[in-house]
Each structure stands twice: as C-alpha cells, then as structure tokens.
Amino acid sequence: MEWNSKGLFATPLIRISINDIEWVKDFFYQNIHSNEETATKNSNNATVAKLKHYHSFENVFTLYDGLEPLRKKIEEAGTFAYQSLLNYTHSGPMKITNAWFNLCNVGGSQIKHSHANNLLSGTLYLHTDQHSNIEFYHPLTTDSLHAELYDEPDYSPNDYGLKYHLREIKIPVNTGDCLFWPSQLRHGYKNNLTPQRLSLSFNMMPSQLNTTYQTI
Ligand SMILES: [Fe+2]
C-alpha cells in the first residue's frame, strides 16, 4: 500500500535558557516565601495542597522592584519567541501581564489547566532535579465545553513511528529553562518527585496587537 502522512499545524513549545538566576531563588526565599499571606493553595485536596502559589492573582514584577532584571530577560526572550520564532512580526514587544511563584513539595500535582486572556504563557524553572517535568495535553482531544464524539486510541507506539495518537506529552525541565507556549494549551504535572520544586509562571501579551491597537 502506498501512503504518506503529514502532521499539520504543529503546536509550539519553545525553550530559551535564562542564565544567572540563582539570585531569583534567594530573592523568593528572603522576600516572598517568608510571608505566608501571599500564598494560595490550588485546593484543599491533600495531594494538590502540596503545591503553593505565591501572588498567583498578581504580578510579582510590579510588587517587587528587585525582580526588575528578571522581567527584562523574560520579556526579551518572549519577544524573540513571539516575533522571530512564531512570526508575529507586526505586533509590539511582549510584556508580562501577571507572574507568580510556584513551590511544590514531593507528592504534589498541578491539575490540568490553561491560561485564558493572554497570547503567550510560560514558566521559568528555578529549582529542579532529574525528576522534574511538565506535561502538555493535546489541544484537540482534551476535554472541552461542548459535546464531542470521543474515541480512545491505543497509546502504545505506532508501528509506523507516527505520533498522532498521543494525548499527553511529558517534557523534562531543568533549572534555567524558560518555556513558552500558546496560552490556551493545557498543561500540568502529576506526583512531583522534586523536593522544593520552584518555578515562576507568567502570562504575556504584545504591547501592541497587529499594528492596530494598544493592549497594555
Ligand atoms: Fe499554568
């Protein structure tokens, strides 16, 4: 049988290394972690409660002037990702709209979720080990708000090396990795094995959209 198959419209996950970030972890423990009032739990569920978010409804870059050098680095990387790699060359530089810290103990999980009302989201990893990872979920086949017919594929490797059947993909992460992805892409992780896993997550918008109007 003669056949061919092309994967159409790939989903981007961009990794950019951000160097010299040890000070950010120190800043977190000295200025933010010590104030428990800034922390929120994902839920009271015993597993999920092992993950705490700090300033998850705010922007740590507007709250703490000391983080300004990091804001510049992430916005520069995000602008490169959005304009140069994703080709949105008609829009302005990327700006962080909100950003927060995530601290997860062993056994914690981040439930599957996405970030609405922004164009680019991401996470900078501040403390990881060989077990650290994040999972992304297929944009067309994870749960949606409308009724769909759903069929369950065989998740074992395809005989022809194709990967259309994958519904979730686990990506290992290292300290200094800054990941960027389209905000609507669902993500999370299960059963964290890294003690004191620390990351900073953020949302971004171009300061000017499509040469038409100002967003921020
Ligand atoms: Fe997230």
Side-chain angles (χ1 to χ4, degrees), residues 11-18 21 24-25 28 32-33 38-45 47-63 67 70-71 73-75 77-78 81-82 86 94-128 131-145 166-194 196-206:
T11 300
L13 172 66
I14 295 165
R15 183 185 65 80
I16 296 176
S17 295
I18 296 194
I21 52 158
V24 181
K25 187 166 77 173
F28 169 77
I32 300 175
H33 181 255
T38 64
T40 52
K41 291 176 187 167
N42 242 339
S43 94
N44 287 326
N45 173 290
T47 302
V48 179
K50 291 179 179 173
L51 167 63
K52 283 185 182 176
H53 305 293
Y54 294 79
H55 296 298
S56 57
F57 300 110
E58 296 165 293
N59 184 351
V60 291
F61 292 110
T62 56
L63 295 173
L67 291 173
L70 182 63
R71 182 216 293 260
K73 285 186 176 185
I74 294 175
E75 290 185 342
Y82 193 70
L86 300 178
M94 295 303 273
K95 299 289 178 193
I96 292 172
T97 55
N98 56 320
W100 61 99
F101 286 90
N102 314 290
L103 181 62
C104 191
N105 286 319
V106 170
S109 297
Q110 169 64 283
I111 56 172
K112 181 167 66 176
H113 68 285
S114 61
H115 302 196
N117 297 333
N118 283 271
L119 288 176
L120 202 61
S121 293
T123 295
L124 169 65
Y125 292 90
L126 300 167
H127 178 74
T128 62
H131 303 298
S132 309
N133 65 69
I134 179 172
E135 288 176 73
F136 290 91
Y137 302 92
H138 197 300
L140 296 181
T141 54
T142 46
D143 45 1
S144 65
L145 294 176
L166 297 182
R167 296 294 180 260
E168 50 189 80
I169 296 178
K170 194 178 283 187
I171 304 289
V173 292
N174 293 300
T175 301
D177 286 352
C178 194
L179 300 184
F180 297 87
W181 61 84
S183 296
Q184 76 271 25
L185 185 64
R186 289 175 186 253
H187 55 279
Y189 54 85
K190 302 180 197 89
N191 191 23
N192 169 48
L193 297 176
T194 305
Q196 307 298 307
R197 171 188 169 131
L198 182 65
S199 62
L200 180 142
S201 293
F202 52 86
N203 293 315
M204 305 186 100
M205 285 286 281

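On a predicted model such as this, the values are computed, not experimentally measured, just so you know. Atoms within a ligand are numbered from 1 in the order they appear, just like the ligands themselves. If you read the sequence from its start, that first residue is 1, and numbering goes on from there.
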Novice: Hey, does the side chain of H113 reach the backbone of R186 with a donor-acceptor pair shorter than 3.5 angstrom?
Specialist: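 Looks like no, no N/O pair under 3.5 Å.
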Novice: Kindly indicate whether the side chain of N102, heavy atoms from C-beta on, has any atom under 4.5 Å from the side chain of Y125.
Specialist: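 Side-chain contact under 4.5 Å: no.
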Novice: Which residues pass the side-chain contact (heavy atoms from CB on, under 4.5 Å) test with I171, not counting sequence neighbours?
Specialist: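 side-chain contact (heavy atoms from CB on, under 4.5 Å) list for I171, sorted by chain: L13, I134, F136, I169.
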Novice: For the aromatic rings, using the six-membered ring if either is Trp, is the centroid distance between Y54 and F28 under 6.0 Å?
Specialist: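 Ring-ring flag for Y54/F28: true, centres closer than 6.0 Å.
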Novice: Donor-acceptor pair, N192 side chain versus S132 backbone, under 3.5 Å?
Specialist: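 A pair under 3.5 Å: no.
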Novice: Check the Fe ion (ligand 1) and write out every protein N, O or S atom at under 2.8 Å, as residue and atom.
Specialist: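 N, O, S partners closer than 2.8 Å: H113 NE2, H115 NE2, H187 NE2.
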Novice: Indicate whether any N or O donor in one side chain lies under 3.5 Å from an N or O acceptor in the other, for N174 and T128.
Specialist: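 The criterion, which ignores hydrogens and geometry beyond distance, is not satisfied for T128 and N174.
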